[in-house]
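This one's a predicted model, so the numbers in the text were calculated from it and none came from an experiment.
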Amino acid sequence: MKKINKKQFSSIYLLYGTESYLIQDIKQKILKHALSEADQDVNVSYYDLEEVPIEDVVTDAETYPFFGERKVIIADNPVFMKAKPDKLPFEHDTEAFQAYLENPVDYSILVITAPYEKLDERKKTFKQFKKYGEVVPCQPVREWNMDEWIQSIAKEMGIQVPKELHELFIQEIGTNLMVLRSEMEKLALNAEEDGTVTREMAESLLSHSAEASGLKLVDAVMERNLSKAIHLYKDLIRMNEDPIALTALLASQFRIIFQAKILKQKGYAQNQMRQYIQAHPYVIKMAMKREQYFSLHELEQIMDQLTETDQQIKQGKVEKSLAFELLLYRMIHIKRMDNKIG
C-alpha cells in the first residue's frame with residue numbers, strides 16, 4: 001500500500017483471499033493513484049475470467065492505451081489458479097498468460113483478483129506471479145488486529161473512535177472489514193462536531209453480528225435461560241445464519257472459555273493467556289468473566305454435546321433446526337443437573 005501511495009506500481013498484481021474489503025481497497029487505491037479521474041473513464045477494463053478467456057485479457061494489456069500513458073486492467077475469478085479449477089465452456093490459454101507474466105508491458109497495470117481461500121501455489125502461474133509481480137494475500141483479519149483497523153478506517157473518515165469503544169465494535173461487528181467500514185460510514189454521519197463517536201451513539205447505531213449474538217447465546221446458557229437462548233437462535237435464523245455455522249460459533253466461544261479456565265487454574269494472568277489463546281484481549285477478558293460460571297466438568301460435557309450435534313447434523317441424522325434447539329436444551333440441562341448434584 002505504501003508503494004501504491006507513492007505511485008510505485010508493479011505491472012502485475014495478484015490479490016487473493018476471502019477478505020473482500022482488502023481486495024476492493026487495494027483495487028481502488030491502484031485506480032486512484034495510477035490514473036486521473038478523466039483517464040479512469042476510458043483506460044480501465046474489467047473482465048470476469050469465468051466468462052472471458054485469459055488470452056483476451058492479455059491482448060487488451062498489450063494494446064497501447066488510446067488516451068493517456070497508462071491503463072488498468074482488472075480481471076476477476078482466475079479459476080485456473082485453483083487446485084481444482086471449475087469447469088467452463090472454454091479453456092484458458094495459460095501458456096500465453098505465463099509468457100505475459102515473464103515480460104509484461106510497462107504501460108498497463110494488470111490486476112488479477114482471486115476471491116478464494118487458497119490457490120495452488122505449486123502451479124507455474126502462481127510461481128511466476130511471485131517472481132515477476134506482487135502477490136497480496138487478502139485473508140480475514142484476526143480479532144487481535146482489529147484495534148489497528150478501527151483506528152485506520154476512522155482516520156480515513158475523519159472521525160475519532162475512543163480506545164474504550166473498540167471492545168464494543170469487536171463484540172457487535174466481529175472482524176468483517178467490509179461491515180466495519182459500512183458501520184463507520186453510518187457513525188461518521190452522526191459524529192459530534194469534532195468528529196468524536198460517543199458510546200451512546202455506538203450502542204444505538206451499530207448493527208449486531210452473528211459473533212455478538214453467539215456471545216449472548218453463551219450468556220443464555222450461563223444464565224440457564226432456555227427461552228432467551230431460543231429467542232436469540234430465532235433472531236439468528238432470521239439473519240440467515242445456518243445451524244451448522246452456529247454450532248461452530250458456539251464451539252469456538254466455549255473452547256476459549258475452556259482454555260481460559262485451564263490456564264487460570266495453572267496460574268496464568270489474563271495478559272499471559274494471549275500467547276496460548278489466539279484471540280483479541282477483549283475476547284479473553286470476556287472468557288475470564290464467563291469461565292467462573294462453569295466447572296471443567298460442565299465445559300467438557302458442553303463440548304461433547306457440541307461435537308455430537310455437529311456430527312448428527314452433518315450425517316443427516318437429525319434435522320438441523322431441531323438439532324440446534326435440542327443442543328441448547330441439553331447444554332442448559334447439563335448445568336442444572338450439575339448444580340443439583342453439587
Side-chain angles (χ1 to χ4, degrees), residues 1-78 97 100-101 103-116 129 132-139 141 148-161 176-195 197:
M1 295 298 283
K2 289 179 180 177
K3 289 180 182 178
I4 292 171
N5 289 336
K6 293 179 181 179
K7 298 189 177 184
Q8 298 171 357
F9 303 108
S10 171
S11 294
I12 45 178
Y13 291 89
L14 172 62
L15 315 179
Y16 76 95
T18 56
E19 182 47 79
S20 57
Y21 173 84
L22 290 175
I23 291 176
Q24 294 298 325
D25 193 38
I26 294 171
K27 283 198 299 186
Q28 291 305 313
K29 281 187 167 54
I30 289 173
L31 291 172
K32 176 183 176 181
H33 294 289
L35 302 173
S36 66
E37 288 189 18
D39 284 345
Q40 287 183 34
D41 293 332
V42 292
N43 284 334
V44 182
S45 302
Y46 295 93
Y47 295 94
D48 185 342
L49 294 173
E50 291 182 349
E51 300 177 359
V52 178
I54 189 63
E55 56 268 31
D56 288 5
V57 177
V58 170
T59 299
D60 188 352
E62 291 177 332
T63 303
Y64 198 81
F66 292 109
F67 303 97
E69 299 179 354
R70 181 190 288 132
K71 64 180 182 178
V72 176
I73 297 104
I74 297 173
D76 303 324
N77 307 315
F97 185 44
Y100 180 81
L101 293 178
N103 188 31
V105 298
D106 59 4
Y107 48 79
S108 291
I109 297 175
L110 175 58
V111 183
I112 304 291
T113 69
Y116 317 128
F129 258 113
Y132 299 108
E134 292 279 358
V135 176
V136 187
C138 300
Q139 302 299 354
V141 174
E148 182 180 347
W149 278 104
I150 290 170
Q151 291 291 63
S152 175
I153 296 175
K155 182 178 179 182
E156 183 182 338
M157 295 190 173
I159 59 177
Q160 300 176 44
V161 179
N176 188 310
L177 293 181
M178 195 70 81
V179 174
L180 175 62
R181 184 179 183 86
S182 175
E183 294 298 309
M184 286 283 206
E185 289 173 348
K186 187 163 53 176
L187 291 169
L189 295 173
N190 294 274
E192 302 287 316
E193 287 187 10
D194 62 354
V197 173

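- Listed by first then second residue, pairs satisfying salt bridge (Lys or Arg N to Asp or Glu O under 4.0 Å) with a partner in residues 150-160 read E156-R181, not counting sequence neighbours.
- Annotation: side chain of L14 is not in contact with side chain of I12 (no heavy-atom distance under 4.5 Å).
- Between the K71 side chain and the D60 main chain, a donor and an acceptor come within less than 3.5 Å of each other.
- S182 contributes no side-chain N or O that, together with a main-chain N or O of M178, makes up a donor-acceptor pair within less than 3.5 Å.
- The shortest heavy-atom contact between N43 and L35 is O-CD1, 3.7 Å.
- Distance CD/E183 to CD1/I150: 11.5 Å, rounded to 0.5 Å.
- Between L110 and P104, every side-chain heavy-atom pair lies at or beyond the 4.5 Å cut-off.
- Judged as a ring-ring contact (aromatic ring centres under 6.0 Å, His included), and not counting sequence neighbours, Y132 has no contacts.
- When all heavy atoms of Y100 and A61 are compared, the pair lying nearest together is OH-CB, 3.5 Å.
- Interatomic distance, L180 CG to I153 CD1, rounded to the nearest 0.5 Å: 4.0 Å.
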Check your understanding: Under the side chain to side chain contact (heavy atoms under 4.5 Å, CB included) criterion, do F9 and V72 qualify, and how do the steps go?
Key -> CA-CA 11 Å; F9 303 108; V72 176; over 6 Å; no

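- Within the 3.5 Å criterion, the main-chain N or O of I109 finds no donor-acceptor partner in the side chain of R70.
- Rounding to the nearest 0.5 Å gives a distance of 4.0 Å between CD1 of I4 and CD1 of I30.
- When all heavy atoms of P78 and I112 are compared, the pair lying nearest together is CG-CG2, 3.5 Å.
- By the 4.5 Å heavy-atom criterion applied to side chains, D25 and L22 are not counted as neighbours.
- Within the structure, salt bridge (Lys or Arg N to Asp or Glu O under 4.0 Å) contacts touching residues 30-41 (residues at least two apart or in different chains) do not occur.
- When side chains are defined from C-beta on, V161 counts as touching M184, because their heavy atoms get closer than 4.5 Å.
- Among pairs with a residue in residues 4-19, those fulfilling side-chain hydrogen bond (donor to acceptor under 3.5 Å, both in side chains) read N5-H33, at least two apart in sequence or across chains.
- Surrounding CD of Q139 are more than 12 heavy atoms belonging to other residues, nucleotides or ligands, all under 6.0 Å away.
- Applying the salt bridge (Lys or Arg N to Asp or Glu O under 4.0 Å) test to every pair with at least one member in residues 47-59, sequence neighbours left out, gives no pairs at all.
- Y47 has its side chain out of reach of D76: every pair of non-hydrogen atoms, C-beta onward, lies at least 4.5 Å apart.
- E134 meets the salt bridge (charged side-chain N to carboxylate O under 4.0 Å, His left out) test with K3; sequence neighbours excluded.
- Rounding to the nearest 0.5 Å gives a distance of 5.0 Å between CG of L15 and SG of C138.
- Separation of atoms NZ (K27) and OG1 (T113) is listed at 4.5 Å; rounding is to 0.5 Å.
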